[in-house]
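Structure first, then comments.
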Amino acid sequence: MPIKPLSSSTLKGLLERIDSASGGEIRSLNPLSPTSIEIRFSVQDVARGYDWIDVAFRIDGVQDAKLVSDNVLRSLDMSEGITVELTSNGAALAIGSYSGRCDEAPLYILGASIGYEELPFGG
């Protein structure tokens, strides 16, 4: 399944389905190019009876990011899930509850656009 672009309405539905990735796990963080980063989470999907799935978010047109090494990645607290925002200026993804202030999160990516892909759990 290819990356699907996110709009405000599809974003709201996706975040509700996966409970904003609360209690999920960060699987990987991959810079695809100097301006494109993919981050993959394992989350529970409410629409599938809380079965675990993986969701990959790809942020394109990256303007700013605070990334962490792989050993720190595994230790980031996911109890508050993720914040994903779409504005007229672009898109933001942050670990934790950082609505309106994603650039204060321990890990964040700010870019021009964001899309996602649903993947099999642990695949």
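Bear in mind that the values here come from a model prediction, so they are computed numbers and not experimental data.
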**Study point:** Worked verdict on Leu107 versus Leu29 for side chain to side chain contact (heavy atoms under 4.5 Å, CB included)
**Key:** CA-CA 11 Å; Leu107 184 154; Leu29 177 65; 4.1 Å; yes
Point to revise | CD on Glu25 to CG on Leu73, rounded to 0.5 Å | key: 9.5 Å
**Study point:** Test item: side-chain donor near acceptor, Ser7 and Ser9, under 3.5 Å
**Key:** yes
Point to revise | Interatomic spacing from OH in Tyr98 to CD in Glu85 - rounded to 0.5 Å | key: 12.5 Å
Check your understanding: Are Ile82 and Ile114 co-members of a hydrophobic cluster defined by side-chain heavy atoms under 4.5 Å apart?
Key -> yes
Review point. Is there a chain of hydrophobic side chains (I, L, V, M, F, W, Y, each step under 4.5 Å between heavy atoms) that links Ile37 to Leu93?
Key: yes
Check your understanding: Where is the tightest heavy-atom contact between Gly24 and Trp52, given as atom of each residue plus distance?
Key -> CA-CZ3, 4.3 Å
Review point. Does the distance from a Lys or Arg side-chain N to an Asp or Glu carboxylate O, for Asp45 and Arg48, drop under 4.0 Å?
Key: yes
Point to revise | Leu6 vs Leu11, side chain to side chain contact (heavy atoms under 4.5 Å, CB included): CA-CA, chis, key distance, verdict | key: CA-CA 6 Å; Leu6 279 168; Leu11 173 61; 4.0 Å; yes
Point to revise | Nearest atoms (heavy-atom pairs only) where Thr83 meets Cys102 | key: CG2-SG, 3.8 Å
Point to revise | Donor-acceptor contact present, side-chain Asn30 to main-chain Leu32, <3.5 Å | key: no
**Study point:** Short side-chain to backbone donor-acceptor contact, Asp77 and Ser79, under 3.5 Å
**Key:** yes
Review point. Would a distance-only check, ignoring hydrogens and angles, find a side-chain to backbone donor-acceptor pair under 3.5 Å from Arg74 to Ile26?
Key: yes
Review point. Can you check whether Arg58 reaches Lys4 side chain to side chain, under 4.5 Å on heavy atoms?
Key: no
Check your understanding: Thr10 and Pro5: which non-hydrogen atoms are nearest, and at how many Å?
Key -> OG1-O, 4.2 Å
**Study point:** Distance, nearest 0.5 Å, that separates CD1 of Ile39 from CD1 of Ile59
**Key:** 7.0 Å
Review point. Between Ile95 and Val68, is there a shared hydrophobic cluster once you connect ILVMFWY residues whose side-chain heavy atoms come closer than 4.5 Å?
Key: yes
Review point. Got a donor-acceptor contact below 3.5 angstrom from the Glu118 side chain to the Ile53 backbone?
Key: no
Check your understanding: Among the clusters formed by ILVMFWY side chains lying less than 4.5 Å apart, do Val72 and Ile109 turn up in the same one?
Key -> yes
Exercise for review: Taking all non-hydrogen atoms of both residues into account, name the closest pair between Pro106 and Leu76 and its distance.
Suggested key: CB-CD2, 4.0 Å
Check your understanding: Atom OG of Ser36 and atom CG of Asp60: how far apart are they, to the nearest 0.5 Å?
Key -> 4.0 Å
Review point. Using the ring of each side chain (for Trp, its six-membered ring), is Phe41 parallel, tilted or perpendicular to Phe57, with breaks at 30° and 60°?
Key: perpendicular
Practice item. Compute whether any side-chain donor of one residue and acceptor of the other, for Asn89 and Thr87, lie under 3.5 angstrom apart. Key: no
Review point. Is any side-chain heavy atom of Met78 less than 4.5 Å from a side-chain heavy atom of Ser22?
Key: no
Review point. How about Ser28 and Arg40: does a side-chain donor come under 3.5 Å of a side-chain acceptor?
Key: no
Check your understanding: Is it true that Leu67 and Val84 fall in one hydrophobic cluster, defined by side-chain heavy atoms closer than 4.5 Å?
Key -> yes
**Study point:** Pairing of Arg101 and Asp103 as salt bridge, 4.0 angstrom limit
**Key:** no
**Study point:** Test log, rule side chain to side chain contact (heavy atoms under 4.5 Å, CB included), inputs Val55 and Glu117
**Key:** CA-CA 6 Å; Val55 176; Glu117 180 178 11; over 6 Å; no
Review point. To the nearest 0.5 Å, what is the distance between OH (Tyr116) and CG (Leu14)?
Key: 5.5 Å
Practice item. Please test Asp54 against Arg27 for side chain to side chain contact (heavy atoms under 4.5 Å, CB included), starting from the C-alpha separation and ending with a verdict. Key: CA-CA 8 Å; Asp54 283 7; Arg27 283 290 211 206; 3.9 Å; yes
